[in-house]
Amino acid sequence: MASCAVRGGCPSDYVAVSIAIFSMILLIVRSTFPFFIHKVPIAKGSAFWIPVIQVIASFNFLLAIVMAVNFLKYKKSHWWLSCYVWAGPLGFGLLMSCRIAQAFQLYYVFVKRRLPPIRSHMFLPLILLPWVAGAAVIHEKKPLNYRCHFGTYWTIPVVCLHSLYVAVLMGFTRAIRHIEFRFHELRDLWQGILGSASLIGVWVFAYILNEIHDDISWLQVASRFMLLLTASILVLVFFSISIAQPLLSQISLRKREPLELKTMGQVLGIPESGLLLQREQAVDIDPNEPLDKLLLNKRFRQSFMAFADSCLAGESVHFFDEVHELGKIPIDDPVRRIYMARHIINKYIIAGAAMEVNISHRIRQEILATTDLTHPDLFTNALHELTQLMKMNLAKDYWSSMYFIKFKEEARMRSCEHEMEEMRGYDFSPRLSSVNATDDPFHQDHFSRGFTQHSHASYLR
């Protein structure tokens, strides 16, 4: 048992490593499932790379513990091969920093109602600095023994650093606890924190025993087994992608049918979002009217959007459509307005966005520096600029295109159908409601015969 504890070759060690490998496979499957199965488009920016960094940090965290139990035989010729680098800055520290960055975003967006003052790609390295500084101190002082253990004197500050990051994460989450999220981000975050805090408590207890009791072989075996086991469960519990991508929270890992919610408006439950009513009355379109007024008609907007897409210039029309959807959300519903506004900013406004619109730098910065994401005129100036561009670049060609001819033909057919329905509405035929005839299945037949006899008598008179 003593040699087993030193070499790290006990059966329990192999079991723990197998669990760690299996947990890592599950984590990768869970993070990639929506993209490969439901064909969800990959997001850009922090919505994509923060979850990716969480997966990488989870792998580093497990790798560091495996290195600490001497399963990986390597020569420590470089500082970056030390287990404290993989466990600290690249492992647990990076994992916690990603979650703090997400909670920081939620706090500013939903409590302050503005975009965070510092971007995630700058905020994440900033909050990771204490871990980097700690790794530098450890590398300079070299307090580790040949088994990568600290000893009592260094264990206390290391444990305090772990606890500090858990406390910061809980502090940010507590500040946003009163927000009624539509996609349960706060619930997911709390579940991750509570589950992780419990696991971290067990992990820290096993870590302390593993560090300060080198002389007890059975305790070494048990403690390192618990270290790797709790860390394996921790990386699964701690990972949740719904905070970064609201649309993905609509997809369950058990759901087999294809994704039905195609737009953010549908996800948010905006009435008639993306739908064309078949019985909608036809409206005459006058090309001399202002374009922004014509675009308020959904059928015209869809036709104009199809034409713009065919010209590879549909971003402005799509932007107009989604801002129009935003206008349907009541002012007294700030949470849904924030979701929609944030979606529009990420999709159309941020430089390098998937469908970045061509607006002036001044207006783009006004939107990005806004102090109120729920303001009704948040995108008004951008709409004015884009409407002018569409009027100069697209409108003239649209009136002579096949798209407009097809639109007029469909409008004429709907107008004829509407007139036919009105004419049929004048025909009188006795109809009974199902409520009145439920008790007597022959009531309608009696009524019809009575009505016929009455009409015949009236004719004879």
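Computed from a predicted model, the values in this text were never measured in an experiment. Sequence positions, counted from 1, serve as the residue numbers for this chain.
Under the 6.0 Å cut-off for aromatic ring centres, Y108 and F104 qualify, their centroids lying closer than that.
The shortest heavy-atom contact between L295 and R301 is O-NH1, 2.6 Å. Residues P271 and K328 come closest through the heavy atom pair O-NZ, 3.5 Å. Between L268 and R336, the closest heavy-atom pair is O-NH1, 2.6 Å. Residue L124 comes nearest to L94 through the heavy atom pair CD2-CD1, 4.5 Å, listed as atom of the first residue, atom of the second, then distance. Nearest heavy atoms, A20 versus S232: CA-OG, 3.2 Å. Listed here is the closest heavy atom pair of L115 and L368: CD1-O, 3.5 Å.
Between the side chain of N60 and the main chain of L90, a donor-acceptor pair closer than 3.5 Å is present. In this structure, R337 contributes its side chain and P334 its backbone to no donor-acceptor pair below 3.5 Å. Judged by distance alone, the side chain of E325 and the main-chain N or O of I270 form no donor-acceptor pair under 3.5 Å. A donor-acceptor contact shorter than 3.5 Å links the side chain of N346 to the backbone of R342. In this structure, Y165 contributes its side chain and I100 its backbone to no donor-acceptor pair below 3.5 Å.
Among pairs with a residue in residues 362-392, those fulfilling ring-ring contact (aromatic ring centres under 6.0 Å, His included) read F319-F379, at least two apart in sequence or across chains.
Side chains of R299 and Q302: no donor on one and acceptor on the other come within 3.5 Å.
Salt bridge status for R364 with E356: present, with a side-chain N to carboxylate O gap under 4.0 Å. Using a 4.0 Å cut-off between charged side-chain N and carboxylate O, E322 and K347 make a salt bridge.
Within the 4.5 Å cutoff, side-chain heavy atoms of I349 are placed close to those of I359.
Shown here is F59, whose CZ atom has no more than 12 heavy atoms of other residues, nucleotides or ligands within 6.0 Å.
Relative ring orientation between F300 and F304 is described as parallel, the plane-to-plane angle staying below 30° on a 0-90° scale split at 30° and 60°.
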